[in-house]
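Encoded as structure tokens, the structure appears first; notes follow it.
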Amino acid sequence: VLVHGFSVPMFIWEPTFHFLTEQGYRVLRYDLFGRGYSDRPKAAYDLEFFVAQLRDLLDTLNINESVNLFGLSMGGPIAATFTARYPEYVKKLGLFAPAGGDEIPRSTVLKLMEVPLLGELLMGFFGRQTLIKGIAADFYDEELIAHFTAQFMPQLNYQGFERAILMTLRNDALRNSLSTYRKVGKLGIPKLLVWGRDDKTVPYDQAANVVASLPGVRFHTIENSGHIPHYEDVDQVNPIILDFLKN
């Protein structure tokens with residue numbers, strides 16, 4: 001089960017999805033509420049909201065066996081919170097450049113977007129520009145940016161997307177989650193951590209905090225890679241994923 005991050009919907013897992021299905025795994029990827037093709041309800045877009053979505057999805061699909069759960073960026077604390085609360089649902093946990101190791105650096109515009117009314121005004125004027133600029137910062141290989149951005153753009157036109165982004169910022173879904181990681185660290189669930197050395201979105205130096213919170217975690221640094229190494233560096237990361245699942 002693949003959980004994406006703050007703004008980019010499920011296509012962020014495209015290379016992983018196809019690789020694992022070709023290896024014979026059943027793979028579930030989905031859009032978090034407010035992103036991609038999922039609904040955009042008026043709600044508090046906090047970690048509890050996204051954890052409940054994942055629980056309801058698995059129950060609705062009658063997935064009664066434990067799953068291998070992967071979370072990217074904001075999907076990291078979502079997956080970790082879900083694992084801490086429902087360990088019986090999770091066989092193995094994979095975290096890819098997860099948020100929550102410390103506070104994430106945010107631009108002045110993003111900070112101001114947390115202010116009611118002002119945030120809506122700024123989102124109208126600068127929202128698209130800010131989000132697209134954030135996507136560019138995710139990459140180490142700049143040649144991939146144009147194609148990736150083209151896939152991202154359609155959801156910007158969906159009613160409720162901007163509100164969902166603002167509500168996620170205001171409800172602290174990107175908060176420090178080390179206490180949750182420590183809870184997961186006490187469980188006997190195998191854990192994987194993958195991080196790009198040149199990550200500018202969730203800085204690589206936060207990896208030390210996450211590693212310290214997860215005793216026994218398999219930690220892999222991907223050199224010359226940004227925030228989405230599983231997407232940019234499939235030849236390095238796919239074998240790591242497969243070895244984790246098999247051993």
### Side-chain touch Q53/Y30, heavy atoms, less than 4.5 angstrom
yes
### Query
Of all heavy-atom pairs between V202 and S73, which one has the smallest distance, and what is that distance?
CG2-OG, 4.0 Å
### Query
Linking I/L/V/M/F/W/Y whenever their side-chain heavy atoms sit closer than 4.5 Å, directly or via other members, would V115 and M167 fall into one cluster?
yes
### Message
Can you confirm whether more than 12 heavy atoms, excluding those of K183, are under 6.0 Å from its NZ atom?
### Response
no
### Task
Look at the side chain of N171 and the backbone N and O of A44, then say whether any donor-acceptor pair between them is shorter than 3.5 Å.
no
## Note on the structure
The reported gap from CD1 in I135 to OG1 in T130 (rounded to nearest 0.5 angstrom) is 11.5 Å
### Message
So L95 and V194, do their side chains get closer than 4.5 Å, heavy atoms only?
### Response
no
### Query
Are L187 and I78 connected in the hydrophobic side-chain network, where two residues link if heavy atoms are under 4.5 Å apart?
yes
### Message
So that I know where these two stand, are Y231 and F148 an aromatic pair - ring centroids less than 6.0 Å apart?
### Response
yes
### Query
Is E22 reaching over with its side chain to a backbone N or O of F17, donor-acceptor style, under 3.5 angstrom?
no
### Summary
In this structure, CZ of R85 is separated from CG of L47 (nearest 0.5 Å) by 9.0 Å
### Query
Would you say the side-chain atoms of T168 and R35 include a donor-acceptor pair closer than 3.5 Å?
yes
### Task
Please confirm whether F50 and F82 have ring centers closer than 6.0 angstrom.
no
### Query
How many angstroms lie between CG in L131 and OG1 in T149, if you round to the nearest 0.5 Å?
11.0 Å
### Message
When you compare the side chain of L69 with that of K92, does any pair of heavy atoms fall below 4.5 Å?
### Response
no
#### Entry: Side-chain donor or acceptor of R163 paired with backbone N/O of E120 under 3.5 Å
no
### Query
Linking I/L/V/M/F/W/Y whenever their side-chain heavy atoms sit closer than 4.5 Å, directly or via other members, would F11 and L57 fall into one cluster?
yes
### Message
Measuring only between side-chain heavy atoms, which start at C-beta, is L28 closer than 4.5 Å to L58?
### Response
yes
### Message
A side-chain contact here means heavy atoms from C-beta on lying under 4.5 Å apart; do H18 and V27 qualify?
### Response
no
### Message
Testing the basics here: between S225 and E232, what is the closest heavy-atom pair and its distance to 0.1 Å?
### Response
OG-OE1, 4.0 Å
### Message
If you compare all heavy atoms of L193 against all heavy atoms of V210, which two are closest, and at what distance to 0.1 Å?
### Response
CD2-CG1, 4.0 Å
### Query
Distance from D138 atom CG to H227 atom NE2, nearest 0.5 Å?
5.0 Å
### Message
Would you say that more than 12 heavy atoms from the other residues, nucleotides or ligands in this model lie under 6.0 Å from the CD of E143, or not?
### Response
no
### Task
Would you check if S66 and E88 make a side-chain contact, meaning some heavy-atom pair closer than 4.5 Å?
no
### Task
Taking only Lys NZ, Arg NE, NH1 and NH2, and the carboxylate oxygens of Asp or Glu, determine whether R197 and E223 approach each other closer than 4.0 Å.
yes
### Query
Are H220 and W195 close enough that their ring centres sit under 6.0 Å apart?
no
### Task
Answer with yes or no after comparing the ring centroid distance for F96 and F70 against a 6.0 Å cut-off, counting only values under it.
yes
#### Entry: Nearest non-hydrogen partners of L174 and A99, listed with the distance
CD2-CB, 4.3 Å
#### Entry: CA sep, side-chain torsions, deciding dist, call: W13, H230, side chain to side chain contact (heavy atoms under 4.5 Å, CB included)
CA-CA 8 Å; W13 286 112; H230 71 287; 3.6 Å; yes
### Query
What is the distance from atom CZ of R170 to atom CG of D46, rounded to the nearest 0.5 Å?
14.5 Å
### Query
According to a 4.5 Å side-chain heavy-atom criterion applied to Ile, Leu, Val, Met, Phe, Trp and Tyr, with indirect links allowed, do V237 and V234 form part of one hydrophobic cluster?
no
### Query
Looking only at heavy atoms, what is the nearest atom pair of A84 and T180, with distance?
CB-CG2, 4.4 Å
### Query
Where do I165 and S7 land on the side chain to side chain contact (heavy atoms under 4.5 Å, CB included) test, with the steps shown first?
CA-CA 7 Å; I165 292 296; S7 65; 4.0 Å; yes
### Query
Just checking, is any N or O donor in the side chain of Y89 or R55 under 3.5 Å from an acceptor N or O on the other one?
yes
### Message
If we count only N and O atoms by modelled type, under 3.5 Å, do the side chains of Q151 and H147 hold a donor and an acceptor together?
### Response
yes
### Query
Under 30°, 30 to 60°, or over 60°: which ring-plane class applies to F161 and F152, parallel, tilted or perpendicular?
perpendicular
#### Entry: Inter-residue atom distance D198.CG - I222.CD1, 0.5 Å rounding
11.5 Å
### Lys/Arg-Asp/Glu bridge criterion (N-O < 4.0 Å) met for E65, K91
no
### Message
Counting C-beta onward and ignoring hydrogens, is there a side-chain heavy-atom pair between H4 and D31 closer than 4.5 Å?
### Response
yes
### Task
Apply side chain to side chain contact (heavy atoms under 4.5 Å, CB included) to the pair I104 and T201, showing each step before the final yes or no.
CA-CA 8 Å; I104 293 179; T201 304; 5.5 Å; no
### Message
Run the side chain to side chain contact (heavy atoms under 4.5 Å, CB included) test on Y140 and D199 for me, step by step, so that the C-alpha distance in whole Å, both residues' side-chain angles and the decisive distance to 0.1 Å come before the verdict.
### Response
CA-CA 8 Å; Y140 182 85; D199 192 339; over 6 Å; no
### Task
Answer yes or no: is there an ion pair linking D243 with R218, defined by an N-O contact shorter than 4.0 Å?
yes
### Message
If you count heavy atoms of other groups shown closer than 6.0 angstrom to CG of L117, is the number above 12?
### Response
no
### Nearest atoms (heavy-atom pairs only) where Y181 meets P98
OH-CB, 3.4 Å
### Message
Any non-hydrogen side-chain atom of Q159 less than 4.5 Å from a side-chain atom of R40?
### Response
no
### Message
Are there over 12 heavy-atom neighbours, none belonging to Y25, within less than 6.0 Å of that residue's OH?
### Response
yes
### Task
Report yes or no: do I189 and V67 belong to one cluster of Ile/Leu/Val/Met/Phe/Trp/Tyr joined by side chain heavy-atom distances under 4.5 Å?
yes
### Query
Any sub-3.5 Å donor-acceptor pair from N176's side-chain atoms to L178's backbone N or O?
yes
